[in-house]
Visitor: 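Before I ask anything, here is the structure I am working with.
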Amino acid sequence: MESMEVDENEPQLYVRTPEDVKTIVKHAKLDERQLTQLTQALYYPPAHIVPDNLRLLELDSHMLQHIREGQTLHFKGGLNEKVVLCTDERTYDVKGAEISNSLLLVPDLKFGAATSTSPLKSPRTGNANASLERSLNDSTEDDLEVPRSLEQRSVLAVFHEYFECREIKPRFRKLSELLQLTRYSGPENEYCIERKVLFSFQQLLDTVQCSRAQFEEGLRNLRALEFDGHVRVMEYEYEYRIISLMLGLISENSWALDEVERAETVAALDGIAPEAVVAGLFDIYTIPSERCPGKFSYQESLVARIVAQNILQPGLRFRNEEFMRSWQEAMPEGMSCEMKYLRGLGICDAEGAQPCIRSLAEERLPTNLNDRMREMFKTKRKWTLEEMEPYIECFTTPTLSVSTLLAKNARSLTEAGVRYYVSKH
């Protein structure tokens, strides 16, 4: 099929006719009996008409299903950020890719059986008329007339590139940075907070490069609360003080660890902290009791982490036994402290004469992978895979694991049967 430019606002100088099609088919040495009866002539838009509001986007099965269900895809990205595409559950990196050939966007273009009016060429008839079709095709009569119709189709756009999407981890760093600007440390200190940098749930969701489900998970990981119309994180010392008071009620009221009363806890701290703060922290740190319906139990991992954070001040080192003893003594009776609770919060350094534990908070490390690994190897010379995971996993993708990243950016060695990773340079 040949194509030519046609301006709808100007008289058309030339439009294909069925006779033109027959002539072209003959010059191409094609057997018209092997073609369907409908010909579609394509017409390019005038050169001065360039539709710049259309883009090709490659979808995976998840995004396609999302659209079919009537959901929305969201592009997110600030002036200095790479754009991402988000569904309600996943986040994708978006990059432009070139197409080796030109792709034409032609509305209402017909395909396959839709261009045939003959039952002989319809796939729905199967092989029922195969012998009749062969007899027609084998005919040597040159004057056998094939009825032909012609329809015009306008090319809406020509594409030479498209957007390809690759699923990535949610980018939470901006969420943490924005919330750190307005850390809550009690109503008496609110006069220090700039109101213009307070953000609502929706404002943060529209800004942070992640899906809604991932965004809500990120808020839980940051122990963020929503009150007075804004999302806030607590100043660490303030949060630790409130949690310590809440935990103290367990022994004061002789509660079992799975018999904690929510209403009584909130009421007991009335006048000490706003009700919304106490209730919010209670909901973050507790889960419903399995044994006592209507009552709650504190999550040991969260309690252990905030207690450990209070002990592991930046710059301090503790001998293993000393730290574990202090940590356990600060825990509520019946709760235990385990090294796994220090994940992304502190590290055990056994390279010196005396093994020690010290602070290394994941959120304080550089956001660039190379800079982060350089900083980590300055802190500690050799790491196991399990030790590095909490600090590297934010850079992984569904097809790029921590092991793969370390293979590219670090050097491995084996000592006493244990594999370690050290700086590549």
Visitor: Please report the closest heavy-atom contact between P170 and C210, naming both atoms and the distance.
Guide: CB-CB, 3.5 Å
Visitor: Looking at H62, R68, E69, which hits side chain to side chain donor-acceptor pair (under 3.5 Å) with Q65?
Guide: E69
Visitor: Charged N to carboxylate O under 4.0 angstrom, R343 versus E393?
Guide: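 Salt bridge: yes.
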Visitor: Provide the closest heavy-atom pair for Q328 versus S336 in the form atom of the first, atom of the second, distance.
Guide: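 Smallest heavy-atom distance, with atoms named: OE1-CA, 3.6 Å.
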Visitor: Go through the steps for K295 and E264 under the test salt bridge (charged side-chain N to carboxylate O under 4.0 Å, His left out), then give the verdict.
Guide: CA-CA 11 Å; K295 297 186 180 182; E264 191 167 339; over 6 Å; no
Visitor: What heavy-atom pair brings R372 and P366 nearest, and what distance separates the two atoms?
Guide: NE-O, 2.9 Å
Visitor: Heavy-atom distance under 4.5 Å between the side chains of Y240 and V307, does that happen here?
Guide: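 Y240 vs V307: side chains touch.
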Visitor: Mind checking the CZ-CD spacing from R90 to E167? Nearest 0.5 Å is all I need.
Guide: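 CD of E167 is found 5.0 Å from CZ of R90.
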Visitor: Answer yes or no: is there a donor N or O on one side and an acceptor on the other, between the side chain of R232 and the main chain of T182, under 3.5 Å?
Guide: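 Looks like yes, one N/O pair under 3.5 Å.
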Visitor: Keeping H230 on the side-chain end and D228 on the backbone end, is there a donor-acceptor pair under 3.5 Å?
Guide: yes
Visitor: Taking all heavy atoms of L54 and all of F159, pick out the closest pair and write down the distance.
Guide: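 Minimum heavy-atom separation between L54 and F159: O-CE2, 3.6 Å.
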Visitor: Of the options V233, L225, L179, which is the one that meets L219 in a side chain to side chain contact (heavy atoms under 4.5 Å, CB included)?
Guide: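 With L219 as partner, V233, L225, L179 yield a single side chain to side chain contact (heavy atoms under 4.5 Å, CB included), made by L179.
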Visitor: Taking 4.0 angstrom as the limit, do K340 and E338 come out as a salt bridge?
Guide: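 Between E338 and K340 there is a salt bridge, with a charged N closer than 4.0 Å to a carboxylate O.
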Visitor: Can you tell me which residue pairs pass the salt bridge (Lys or Arg N to Asp or Glu O under 4.0 Å) test with a partner in residues 405-425, sequence neighbours excluded?
Guide: K382-E415
Visitor: Can you check whether Q214's main-chain N or O pairs, donor with acceptor, with S211's side chain at less than 3.5 Å?
Guide: yes
Visitor: Of the options K174, R173, K76, which is the one that meets E81 in a salt bridge (Lys or Arg N to Asp or Glu O under 4.0 Å)?
Guide: K174
Visitor: Regarding Y162 and E98, is there a side-chain donor-to-acceptor distance under 3.5 Å anywhere?
Guide: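 No.
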Visitor: In Å, rounded to the nearest 0.5 Å, how long is the span from OG1 of T207 to CZ of F199?
Guide: 7.0 Å
Visitor: Please lay out, stage by stage, how E259 and R291 fare under the test salt bridge (charged side-chain N to carboxylate O under 4.0 Å, His left out).
Guide: CA-CA 8 Å; E259 293 180 349; R291 187 176 65 89; 2.9 Å; yes
Visitor: Given side chains that start at C-beta, do those of P187 and P274 come closer than 4.5 Å, heavy atoms only?
Guide: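 A side-chain contact exists here, since the closest heavy-atom pair is under 4.5 Å.
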Visitor: Between E261 (side chain) and V266 (backbone), is there a donor-acceptor pair under 3.5 Å?
Guide: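 It does not hold such a pair.
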Visitor: Please give me the minimum heavy-atom distance between L85 and C165, naming the atom from each residue.
Guide: CD2-SG, 4.0 Å
Visitor: Where the side chain of R358 meets the backbone of T379, is there a donor-acceptor pair that is under 3.5 Å apart?
Guide: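 Checking the backbone N and O of T379 against the side chain of R358, a donor-acceptor pair under 3.5 Å is found.
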Visitor: Quick one: do E190 and R195 make a salt bridge, cutoff under 4.0 Å?
Guide: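 R195 and E190: salt-bridged.
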Visitor: side-chain hydrogen bond (donor to acceptor under 3.5 Å, both in side chains), that's the test. Do D60 and Y92 meet it? Break it down for me.
Guide: CA-CA 10 Å; D60 65 8; Y92 296 84; 2.7 Å; yes
Visitor: Is there side-chain contact between L281 and E239, with heavy atoms separated by less than 4.5 Å?
Guide: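 Heavy-atom side-chain distance check passes, below 4.5 Å.
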Visitor: Do the side chains of E151 and K110 get close enough for a salt bridge, i.e. N-O under 4.0 angstrom?
Guide: yes
Visitor: Any heavy-atom pair between the side chains of R16 and L42 that's under 4.5 Å?
Guide: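 In short, these two side chains do not touch, never coming nearer than 4.5 Å.
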Visitor: Around atom CD of E188, are there more than 12 heavy atoms of other residues, nucleotides or ligands at under 6.0 Å?
Guide: yes
Visitor: Would you find a donor on one side and an acceptor on the other, under 3.5 Å apart, between the side chain of R183 and the backbone of Q180?
Guide: yes
Visitor: Check whether Y236 reaches the backbone of I306 with its side chain - one donor and one acceptor, N or O, closer than 3.5 Å.
Guide: yes
Visitor: Using a strict cut-off of less than 4.0 Å between a Lys/Arg side-chain nitrogen and an Asp/Glu carboxylate oxygen, indicate whether R153 and D108 qualify as a salt bridge.
Guide: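 No.
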Visitor: Give a yes or no answer on whether the side chain of Y391 reaches the backbone of L360 with a donor-acceptor pair at less than 3.5 Å.
Guide: yes
Visitor: So, do T404 and T396 sit near enough that their side-chain heavy atoms are less than 4.5 Å apart?
Guide: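 In short, these two side chains do not touch, never coming nearer than 4.5 Å.
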Visitor: Using a strict threshold of under 4.0 Å (side-chain N to carboxylate O), is an ion pair present between K380 and E387?
Guide: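 Salt bridge: yes.
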Visitor: Would a distance-only check, ignoring hydrogens and angles, find a side-chain to backbone donor-acceptor pair under 3.5 Å from T397 to T399?
Guide: yes
Visitor: Kindly say whether W255 contributes a backbone atom to a donor-acceptor pair with the side chain of N253 at under 3.5 angstrom?
Guide: no
Visitor: How close do L57 and F75 get, counting heavy atoms only, and between which atoms?
Guide: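 For L57 and F75, the tightest heavy-atom pair comes out as CD2-CZ, 4.4 Å.
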Visitor: Indicate yes or no: does E216 engage R212 in a salt bridge with an N to O separation below 4.0 Å.
Guide: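 Yes, E216 and R212 are salt-bridged.
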Visitor: Under 6.0 Å between ring centres, would you say that holds for F201 and F215?
Guide: yes
Visitor: Is there a side-chain contact between C394 and E362 in this structure, where contact means two heavy atoms from C-beta onward sitting under 4.5 Å apart?
Guide: yes
